[in-house]
Amino acid sequence: MNILRLLDKLSYDQFFTKEASRLETMTNTSLFGKKAAVAAVSLGSGALMAAPTNKEITGTALKNTLTDALQLALVLEYLENEYYAIGLSTPGLIPNSDRTVFMQISKHEAAHVGFLKTTLTSLGVPPGNKPTFDFTANGSFSPFTDYNQFLILAQAFEDTGVRAYKGQAGNVMSNKVVLQAALQIHSVEARHASQVRRMRANKGWIELADGGNMPSATNPVYAGEDLINQAGYNTGTLFGAAAGSAAYDEILSSSDAQTIAGLFIV
């Protein structure tokens with residue numbers, strides 16, 4: 001059966017009718033895993049924005065494109081989910097004034113993981129085991145003994161997630177159910193990123209590829225965010241380059257997102 005028809009049959013009615021609760025919506029659809037983070041097909045921004053061919057919108061090619069995108073999302077959600085779980089369970093790390101924020105973010109990430117695993121399973125693709133993470137990046141960070149470093153990596157992970165979800169839009173747009181769910185998660189990740197950035201006394205948005213008082217090791221997270229030309233229009237013409245670059249977030253390609261995640265995968 002055509003995969004679009006299958007998904008429509010399984011979840012269209014539940015997703016778009018008033019009777020569907022938010023939990024049911026997340027349970028009956030699904031999104032992103034380790035294979036993508038270490039071995040998925042690398043796609044540049046041009047490929048992500050290209051219109052799908054006839055081959056891509058039918059059969060195996062569509063399924064692979066869709067599920068590869070979902071697996072990439074899953075590995076990023078696994079990373080965030082475990083990071084916050086460890087942080088919250090580390091005595092004395094997170095000040096009481098900030099714990100409520102990270103407890104809520106942690107709940108969101110756990111829900112995203114469950115959603116993506118369920119979706120991949122519904123598409124006939126086992127989500128695979130959670131990767132083994134090294135949040136020190138081979139000794140480069142100490143996030144669970146230094147709260148400032150915990151915040152730095154939290155910001156880096158959230159900013160990565162926002163750009164990565166956006167970068168996969170072209171790979172999931174063939175299925176309207178998954179696309180809408182991905183957009184819902186993307187906006188929540190953006191809210192996380194803005195919150196954490198402000199907890200570090202940064203602006204809620206990114207200007208000129210500057211993460212805001214971040215170590216150079218996080219530069220790949222912000223590479224390309226200084227772009228001020230959008231569809232042939234110079235966005236800095238009226239308000240300057242900083243405001244122009246901040247007005248549009250840039251995507252992360254699959255390969256760039258995989259490289260960033262791979263720094264923390266054993």
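These numbers were taken from a predicted model, which means no experiment stands behind them. The chain is numbered in sequence order, starting from 1.
Contact record, Thr121 with Pro127: OG1-CD, 3.6 Å, taken as the closest heavy-atom pair. Scanning all heavy atoms of the two residues, the minimum distance from Ala193 to Asp159 falls at CB-OD1, 3.3 Å. Summarising the geometry of Ser140 relative to Ala137, their closest heavy-atom pair is OG-O, 3.1 Å, with the distance given to 0.1 Å. In terms of heavy atoms, Val172 sits closest to Ala69 at CG1-CB, 3.8 Å. Summarising the geometry of Val177 relative to Asn175, their closest heavy-atom pair is N-OD1, 3.0 Å, with the distance given to 0.1 Å. Of all heavy-atom pairs between Gly128 and Tyr78, the closest is O-OH, 3.6 Å.
Under a hydrophobic-cluster definition in which Ile, Leu, Val, Met, Phe, Trp and Tyr are linked whenever side-chain heavy atoms come within less than 4.5 Å, directly or via other members, Phe239 and Tyr233 are assigned to the same cluster. Note: the hydrophobic cluster containing Ile228 does not contain Ile206 (ILVMFWY, side chain heavy atoms under 4.5 Å, direct or indirect links). Neither Val162 nor Met173 shares a network with the other; the hydrophobic side chains, linked directly or stepwise wherever heavy atoms of I, L, V, M, F, W or Y lie under 4.5 Å apart, form separate groups for each. Hydrophobic clustering of Ile, Leu, Val, Met, Phe, Trp and Tyr side chains at less than 4.5 Å, counting indirect connections, keeps Val221 apart from Tyr248. The cluster map of Ile, Leu, Val, Met, Phe, Trp and Tyr, joined by side-chain heavy atoms under 4.5 Å apart, puts Ile251 and Leu208 in different clusters.
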TODO: List the steps, then state whether side-chain contact (heavy atoms from CB on, under 4.5 Å) holds for Glu80 with Ile105.
DONE: CA-CA 9 Å; Glu80 291 176 327; Ile105 291 177; over 6 Å; no
- [ ] Go through the steps to decide whether Phe264 and Leu153 satisfy the test side-chain contact (heavy atoms from CB on, under 4.5 Å), and finish with yes or no.
- [x] CA-CA 11 Å; Phe264 300 93; Leu153 282 189; 3.9 Å; yes
Task: side-chain contact (heavy atoms from CB on, under 4.5 Å) assessment of Glu158 paired with Glu109 - done: CA-CA 11 Å; Glu158 295 296 347; Glu109 307 300 3; 3.1 Å; yes
Open item on the list: With side-chain contact (heavy atoms from CB on, under 4.5 Å) as the criterion, how do Trp205 and Asp249 come out once you've worked through the C-alpha distance, each side chain's angles and the decisive distance to 0.1 Å?
Closed with: CA-CA 9 Å; Trp205 52 84; Asp249 262 349; over 6 Å; no
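In this structure, OG on Ser254 lies 6.0 Å from CG on Asn171, to the nearest 0.5 angstrom. Note that CZ of Arg163 and OG of Ser253 are 9.0 Å apart. Values are rounded to the nearest 0.5 Å. Distance check: Leu76 CG to Thr160 OG1 gives 7.5 Å after rounding to the nearest 0.5 Å. For the atom pair OG1 (Thr136) and CG (Leu263), the distance works out to 11.0 Å, reported to the nearest 0.5 Å. The structure places CG of Asp98 at 3.5 Å from CE of Met199, a figure rounded to the nearest 0.5 Å. Atom CG in Leu179 sits 12.0 Å away from atom CD in Gln168 (nearest 0.5 Å).
A donor-acceptor pair is defined here as one N or O able to donate and one able to accept, closer than 3.5 Å; no such pair exists between the side chain of Arg99 and the backbone of Ile94. Although no hydrogens or angles enter the test, the distance criterion places a donor-acceptor pair under 3.5 Å between the side chain of Thr218 and the main chain of Pro215. Under the 3.5 Å distance criterion, the side-chain polar atoms of Arg200 are matched with a main-chain donor or acceptor of Asn213. Side chain of Glu225 to main chain of Glu250: a donor-acceptor pair is present (N/O by atom type, distance under 3.5 Å, no hydrogens or angles). Between the side chain of Gln155 and the backbone N or O of Gly211 there is at least one donor-acceptor pair closer than 3.5 Å. With hydrogens and angles ignored, the 3.5 Å screen pairs a side-chain donor or acceptor of Thr235 with a backbone N or O of Gly244. Here the side chain of Gln149 pairs a donor or acceptor atom with the backbone of Ser142 at under 3.5 angstrom. A donor-acceptor pair under 3.5 Å is formed between the side chain of Thr259 and the backbone N or O of Ser255.
Contact check for Glu77 versus Lys117: no side-chain heavy atoms found under the 4.5 Å cut-off. Side-chain contact between His108 and Arg191: absent, with no pair of heavy atoms (C-beta onward) separated by less than 4.5 Å. Using a 4.5 Å cut-off on side-chain heavy atoms (C-beta onward), Val75 and Pro131 make contact. At a threshold of 4.5 Å between non-hydrogen side-chain atoms, the residues Phe133 and Ile86 do not count as touching. Using a 4.5 Å heavy-atom cutoff, the side chains of Leu88 and Ser106 are in contact.
Scored by the side chain to side chain donor-acceptor pair (under 3.5 Å) test, His186 finds no partners at all (sequence neighbours excluded).
Between Phe157 and Tyr83, the ring planes lie perpendicular to each other; the angle is over 60°, past the 30° to 60° tilted range.
More than 12 heavy atoms of other residues, nucleotides or ligands lie within 6.0 Å of CG in Asn148, so this atom counts as buried by the packing criterion.
Phe102 and Tyr84 have their aromatic ring centers within a separation under 6.0 angstrom.
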